[in-house]
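Encoded as structure tokens, the structure appears first; notes follow it.
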Amino acid sequence: MSDITNVNDMVGTVTSSESAYTRPESSSDVSKEISEFGAKRRKYLTIALIMMIPVGVLYYKAFCHFFDRMNAAILYGIFTISFVVMIELLMRAYGKKITKEAIFWDACLVILGIISPICEEPLLTVFITHGIAVFSVLVRGGVLRQGHTGGQFLADIFSGIFSKGFGGMGEAFKDADYLGKHKEKEKKEKKGDSVLQGILCIVVSVPILLIVANILSNYNDVIKNVMKALYSGFLFTLRLFSFQSSGFIINTADFFWSCLLGFVVGLFLYGLASKAAKSDGQAELAKGKKFTSTIDNSRKASRIIPSIVVSAFSLLYISFFCSSGGYFFSAFFGNLPKEFTAAEYARQGFGDMLIIVFLNLLIFFLVRLFSSKVYSLKNYLNIALALLMTESIVFVVISFSKICLYISRFGYTENRAFSLLCCTSLGLASILAGISIISKKNVARIWIVASTIFFIAYCVVSVVMNISINNVLISDLVNGL
């Protein structure tokens with residue numbers, strides 16, 4: 001009966017979620033199904049707790065050896081896959097089914113985890129990967145402030161880091177205590193005893209088997225080759241974790257700090273996933289609605305002053321295009337000013353144009369934030385904002401033409417690919433901002449997902465470019481193996 005009560009308590013935290021565990025109507029079926037659900041939960045939690053420290057150590061090792069690019073890529077790849085598996089175990093422990101959106105973000109996390117250390121902008125990529133790692137957990141747990149990917153995604157990420165990550169570092173101990181309460185009952189089950197005996201048998205017999213095989217290898221070439229292969233695999237695994245080129249000696253201090261800091265990191269990652277799994281998402285939705293309500297109540301600014309400000313920007317840009325349009329638009333027709341070389345023309349003004357677009361988007365966001373929303377072009381302020389976004393698109397197109405000219409004359413490099421990424425992302429933001437004037441569609445979600453896909457594409461292209469231009473990474477891979 002205590003088993004059922006405990007399971008009821010823990011299931012109760014997620015029953016309001018559509019994907020959570022649902023009790024059947026019959027009282028006899030209730031006891032049976034809750035008992036089965038509790039057994040599955042304990043199994044999933046046990047595996048997740050076992051994985052916690054190894055996952056933390058993998059992250060710590062990958063982070064410490066980040067600039068050892070190929071080893072870091074292997075470790076980050078193993079870490080992200082292991083982390084996704086641990087998340088899935090915890091989510092299944094609380095009856096949460098996976099969604100297509102969660103699969104998308106998990107795939108993004110794994111891809112970026114593998115390629116982040118070996119792309120052209122590793123620090124930026126790893127920074128973004130950390131954000132996606134937190135966000136993917138929240139999506140998988142269904143604990144977003146808007147119930148889906150939206151404009152409050154930064155608040156979701158910060159809440160995940162501090163409220164669930166740091167705030168949930170004790171969840172592993174709570175789950176261990178929950179499992180410990182069933183220890184006496186499990187000891188009485190023959191199946192549990194047989195499993196423990198089986199594990200003990202393996203632990204004792206494997207070293208003896210290896211000793212016997214090593215002796216027999218002196219008289220049998222097949223066994224000798226198998227032992228050599230196992231030895232080589234062991235050395236390779238040892239290098240991944242100890243980063244020593246030869247020998248069996250692992251630095252004791254390094255091993256201690258790896259385990260200690262890996263344990264701390266593991267507590268954070270486990271707490272993040274565990275709290276997301278245990279929450280039904282209602283508290284997060286309430287916070288999101290409260291934030292939206294606060295913003296709606298703050299929209300009391302007069303629309304006259306913002307209209308004048310936005311119009312001033314638009315008139316400034318129109319006068320700029322009229323006076324200097326010939327210079328900036330000449331690249332479209334393949335004609336360059338005589339006083340400039342192709343390189344000078346392509347570089348001059350490229351970054352400035354993108355900064356202007358970013359500032360225009362900032363103005364747009366602030367005006368829409370503090371002014372009452374009217375989804376129509378019949379309003380003068382909306383007309384001014386639409387004109388501002390149109391001019392922003394023109395600036396993006398100018399920058400895009402400059403970088404395309406640069407690529408056509410001097411070839412394709414990773415930095416130029418990153419410039420294309422910036423142009424594409426800001427251009428899409430300007431287009432979607434213009435659409436948001438006349439539509440209530442969730443354009444923030446479209447921009448986040450599309451920009452993530454663009455960024456992953458850039459990272460993949462960057463890695464391919466690195467490999468094709470030089471053989472440094474290939475040689476590192478061969479040496480690592």
Side-chain angles (χ1 to χ4, degrees), residues 80 84 87 98-113 115-116 119 121 124-165 272 276 281 284-285 287-289 291-292 295 354 357-366 368-369 373 389 392-393 396 417-462:
T80 51
V84 168
I87 294 170
I98 195 166
T99 62
K100 292 181 180 179
E101 188 176 8
I103 293 173
F104 168 78
W105 288 109
D106 286 345
C108 292
L109 173 61
V110 173
I111 293 171
L112 285 177
I115 65 178
S116 57
C119 70
E121 301 288 342
L124 174 65
T125 309
V126 168
F127 178 77
I128 293 175
T129 304
H130 280 71
I132 290 178
V134 175
F135 194 70
S136 66
V137 176
L138 303 179
V139 171
R140 180 64 184 88
V143 288
L144 300 176
R145 286 170 171 249
Q146 294 173 273
H148 52 71
T149 304
Q152 297 185 36
F153 73 101
L154 287 178
D156 284 322
I157 292 173
F158 280 107
S159 174
I161 293 172
F162 294 102
S163 176
K164 292 181 173 58
L272 170 65
E284 288 77 12
L285 284 173
K287 290 178 182 178
K289 289 178 180 178
F291 176 80
T292 303
I295 294 299
L354 294 184
V357 174
F358 176 78
L359 293 175
N360 287 346
L361 288 169
L362 180 61
I363 293 168
F364 179 92
F365 174 76
L366 292 174
R368 295 285 285 177
L369 188 65
K373 285 188 176 181
M389 289 300 99
S392 295
I393 294 170
V396 170
F418 184 72
S419 300
L420 283 175
L421 171 68
C422 294
C423 285
T424 306
S425 183
L426 288 174
L428 179 63
S430 300
I431 293 171
L432 292 175
I435 293 174
S436 71
I437 296 173
I438 58 174
S439 173
K440 294 183 179 181
K441 185 176 291 187
N442 184 10
V443 296
R445 181 180 188 177
I446 298 173
W447 183 81
I448 292 167
V449 172
S451 295
T452 302
I453 294 172
F454 293 153
F455 186 75
I456 292 174
Y458 154 73
C459 291
V460 172
V461 170
S462 174

Can any side-chain N or O of Gln146 pair as donor or acceptor with the backbone N or O of Gly288 at less than 3.5 Å? no
Does anything in residues 124-137 form a side-chain hydrogen bond (donor to acceptor under 3.5 Å, both in side chains)? List the pairs, not counting sequence neighbours. Tyr59-His130
Close side-chain approach of Ile437 and Phe364, heavy atoms under 4.5 Å: yes
Check Leu112, Val137, Asp106 against Ile132 for a side-chain contact (heavy atoms from CB on, under 4.5 Å) and give me the one that passes. Leu112
Least distance between heavy atoms, Ser392 atom then Val357 atom: O-CG2, 3.5 Å
Would you say Glu101 and Thr149 are linked by a side-chain donor-acceptor pair, where the criterion is simply a distance under 3.5 Å? yes
Using 0.5 Å steps for rounding, measure from the OG atom of Ser159 to the CG atom of Leu154. 12.5 Å
Look at atom CZ of Phe104 and say whether more than 12 heavy atoms of other residues, nucleotides or ligands are closer to it than 6.0 Å. yes
Step by step, would you call Ile435 with Lys441 a side chain to side chain contact (heavy atoms under 4.5 Å, CB included)? CA-CA 8 Å; Ile435 293 174; Lys441 185 176 291 187; 5.5 Å; no
How many angstroms lie between CH2 in Trp447 and OG1 in Thr452, if you round to the nearest 0.5 Å? 8.0 Å
Leu428 versus Ala450, closest heavy-atom pair with distance: CD2-CB, 3.4 Å
Which distance, rounded to the nearest 0.5 Å, do you find between the CD1 of Ile453 and the OG1 of Thr424? 13.0 Å
Hey, does the side chain of Ser462 reach the backbone of Tyr458 with a donor-acceptor pair shorter than 3.5 angstrom? no
Can you check salt bridge (Lys or Arg N to Asp or Glu O under 4.0 Å) on Glu284 and Lys289, steps first, answer last? CA-CA 9 Å; Glu284 288 77 12; Lys289 289 178 180 178; over 6 Å; no
Please report the shortest heavy-atom distance between Phe135 and Phe153, naming the atom on each side. CE1-CB, 3.9 Å
Could you list all the salt bridge (charged side-chain N to carboxylate O under 4.0 Å, His left out) pairs where at least one residue sits in residues 142-163, not counting sequence neighbours? none
Got a second to check how far Phe455's CZ is from Cys108's SG, nearest 0.5 Å? 11.0 Å
Interatomic spacing from OG1 in Thr292 to CG in Leu285 - rounded to 0.5 Å: 10.5 Å
Can you name the nearest heavy-atom pair linking Gly160 to Leu272, along with the distance? O-CD1, 3.3 Å
Short question: side chain of Arg140, backbone of Thr99 - any donor-acceptor pair under 3.5 Å? no
How close do Asn360 and Met389 get, counting heavy atoms only, and between which atoms? O-CE, 3.7 Å
Phe158 vs Phe162 aromatic rings, parallel, tilted or perpendicular, using cut-offs 30° and 60°? parallel
Rounding to 0.5 Å, atoms OG (Ser116) and CD1 (Ile111) come to a distance of 12.0 Å
Exercise: identify the closest heavy-atom pair between Ile393 and Ser430: CG1-CB, 3.7 Å
